[in-house]
**Q** 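Shown below is the structure under consideration.
Just so we're clear, the structure is a prediction, and the values are computed from it rather than from any experiment. We count ligands from 1, going down the list as the structure has it; atoms in each ligand are counted the same way. Residues take their numbers from the sequence shown, with the count starting at 1.
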Amino acid sequence: MRWFFLILAIAVVATVYALGPRGEKFSDPPFELFPDMDHQFKKRPQEPSSFFADGQVARKPVEGTVPLGFAFPHEGNEGNLSTDLDYSRGDDYYNTGQFGDFYGSGFPEEVKIDEEFLARGKERFHISCSPCHGDSGDGQGVVSKYWAIPPTANLIDPRVIAMPEGQIFWTITHGKGLMGPYNGVIPVKDRWAITAYLKALQAASGN
Ligand code: HEC
């Protein structure tokens, strides 16, 4: 037993000495078993740079960059809906597609359905919806060729045709299943424009 305590004491001292010297200064960087992403080939803002001629890391935006939520005033831009970048989350029908807990039918009085509005909806539909739902809304977008399970919804199916406008607006706003929400991406008015265009596609489908 005596020997045991002696050997234990020596082992403890040896271990502490090997692993735990404190207060000593090392000139070598510590050995990193898992460096994770501690060292990266990147520059932090305000750091100097030897790469760019002006010696600064911070760069100006590329010429012609248009900041999100901003449209340059130019001739013919007055009626451009993209200047109306309104992602607001009010609780009225215009902003939610709902009256209380129910989906509303028809379009809110804030939107005026005319040719220009539908053209806008068509353009936005082709950008945001066609890749999955197809140009005609039949669910045969390009995604369906690569990603067939689960299938993207057929929007000219009688089930979807029966949906009130408010429900379509709500679906664009919040998404459904694998379809993501578009409330931060598509402004409120454009969501109604897409809804109007989708209603036109459904009417034209004859289903
Ligand atoms: C990334 C692919 C994708 C995009 C882009 C997409 N959707 Fe969908 N959408 C889906 C999928 C998948 C479903 C089926 C969701 C489910 O039933 O779980 C669906 C369902 C729907 C439905 C039916 C909802 C229901 O209750 O059955 C509507 C209406 C709809 N999408 C409209 C749109 C509109 C309008 C756009 C463009 C703003 C759009 N979707 C963009 C994938 C997409």
Side-chain angles (χ1 to χ4, degrees), residues 65-72 76-207:
T65 304
V66 181
L68 190 69
F70 185 85
F72 291 113
N77 198 19
E78 300 82 33
N80 184 351
L81 291 172
S82 70
T83 54
D84 179 13
L85 285 170
D86 169 18
Y87 302 96
S88 79
R89 288 167 180 75
D91 54 10
D92 56 343
Y93 182 51
Y94 177 62
N95 283 289
T96 61
Q98 289 182 312
F99 290 106
D101 292 337
F102 299 93
Y103 297 119
S105 257
F107 289 87
E109 56 194 18
E110 285 87 343
V111 307
K112 187 164 131 283
I113 314 271
D114 54 15
E115 210 179 321
E116 192 197 347
F117 194 66
L118 281 175
R120 174 76 182 174
K122 177 179 182 180
E123 185 204 29
R124 298 290 113 180
F125 185 90
H126 282 175
I127 294 171
S128 299
C129 321
S130 290
C132 292
H133 292 294
D135 279 351
S136 66
D138 62 1
Q140 302 298 311
V142 68
V143 163
S144 70
K145 298 191 174 54
Y146 299 94
W147 179 57
I149 307 167
T152 59
N154 173 359
L155 302 183
I156 50 174
D157 185 82
R159 186 184 63 87
V160 181
I161 293 179
M163 282 180 189
E165 288 79 359
Q167 186 172 1
I168 294 182
F169 177 90
W170 192 94
T171 306
I172 303 174
T173 305
H174 298 279
K176 187 178 183 211
L178 286 172
M179 173 180 157
Y182 285 88
N183 57 350
V185 188
I186 304 179
V188 173
K189 203 167 196 174
D190 281 348
R191 272 179 256 155
W192 284 112
I194 291 173
T195 305
Y197 180 68
L198 178 55
K199 281 285 164 197
L201 279 182
Q202 292 175 338
S205 73
N207 290 350

**Q** Should R120 and K189 be marked as a side-chain contact (heavy atoms from CB on, under 4.5 Å) after you check the CA-CA gap, both sets of side-chain angles, and the distance that decides it?
**A** CA-CA 10 Å; R120 174 76 182 174; K189 203 167 196 174; over 6 Å; no
**Q** Select the closest option to atom 22 (C) of ligand 1 among L201, L155, L198, N154, judged by heavy-atom distance.
**A**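 Looking at heavy atoms only, L155 sits closest to atom 22 (C) of ligand 1.
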**Q** Which atoms of ligand 1 are found less than 4.0 Å from any heavy atom of I172?
**A**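 Heavy-atom distances to I172 below 4.0 Å select 35 (C), 38 (C).
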**Q** As a test of understanding, state which of Y103, F102, W170 forms a side chain to side chain contact (heavy atoms under 4.5 Å, CB included) with P164.
**A**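 Considering Y103, F102, W170, a side chain to side chain contact (heavy atoms under 4.5 Å, CB included) with P164 is found only for Y103.
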**Q** For a side chain to side chain contact (heavy atoms under 4.5 Å, CB included) with I172, tell me which candidate from V185, T195, L198 qualifies.
**A**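 Going through the options one by one, the only one that passes is T195.
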**Q** With a cut-off of 2.8 Å, does any N, O or S atom of M179 fall short of it relative to atom 8 (Fe) of ligand 1?
**A**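 Looking at M179, which is the residue asked about, there is an N, O or S atom under 2.8 Å from atom 8 (Fe) of ligand 1.
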**Q** For I194, which part has a heavy atom under 4.0 Å from ligand 1: side chain, backbone, both, or neither?
**A**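 Near ligand 1, I194 shows its side chain, while the N, CA, C and O stay back.
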**Q** Any heavy-atom pair between the side chains of L201 and H133 that's under 4.5 Å?
**A**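 A side-chain contact is absent here, since even the closest heavy-atom pair is not under 4.5 Å.
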**Q** Within the structure, is a non-hydrogen atom of P131 found at a distance of less than 4.0 Å from ligand 1?
**A**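 False for this residue.
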**Q** Give the atoms of ligand 1, by number and element, whose distance to some non-hydrogen atom of M163 is under 4.0 Å.
**A**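 Numbered from 1, ligand 1 contributes 24 (C), 25 (C), 26 (O), 27 (O).
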**Q** Does an N or O anywhere in K176 fall below 3.5 Å from an N or O of ligand 1?
**A**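 K176 vs ligand 1: N/O contact under 3.5 Å present.
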**Q** Looking at non-hydrogen atoms alone, which of R159, R191, R124 comes nearest to atom 27 (O) of ligand 1?
**A**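 Comparing heavy atoms across R159, R191, R124, the nearest one to atom 27 (O) of ligand 1 lies in R159.
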**Q** Could you state the interatomic distance from CG (N95) to CD (E110), rounded to the nearest 0.5 Å?
**A**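 Reported to 0.5 Å precision, the distance equals 8.0 Å.
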**Q** Has ligand 1 got any nitrogen or oxygen that is less than 3.5 angstrom from a nitrogen or oxygen of H133?
**A**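 Among all N and O atoms of H133, at least one is under 3.5 Å from an N or O of ligand 1.
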**Q** Heavy atom to atom 13 (C) of ligand 1, shortest distance: which of S144, A153, C129, G121 holds it?
**A**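 Comparing heavy atoms across S144, A153, C129, G121, the nearest one to atom 13 (C) of ligand 1 lies in A153.
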**Q** Just wondering, do E165 and W192 contact through their side chains at under 4.5 Å, heavy atoms?
**A**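 When only atoms from C-beta onward are counted, E165 and W192 do touch, with a gap below 4.5 Å.
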**Q** Scan I194, I168, I113 and name whichever one has a side chain to side chain contact (heavy atoms under 4.5 Å, CB included) with K199.
**A**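 Among I194, I168, I113, the one meeting side chain to side chain contact (heavy atoms under 4.5 Å, CB included) with K199 is I168.
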**Q** If you round to the nearest 0.5 Å, how far is CG of N183 from OG1 of T96?
**A**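 T96 OG1 to N183 CG: 12.0 Å, rounded to 0.5 Å.
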**Q** Counting heavy atoms only, which part of T195 comes closer than 4.0 Å to ligand 1: side chain, backbone, both or neither?
**A**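 No part of T195 is near ligand 1 at this cut-off.
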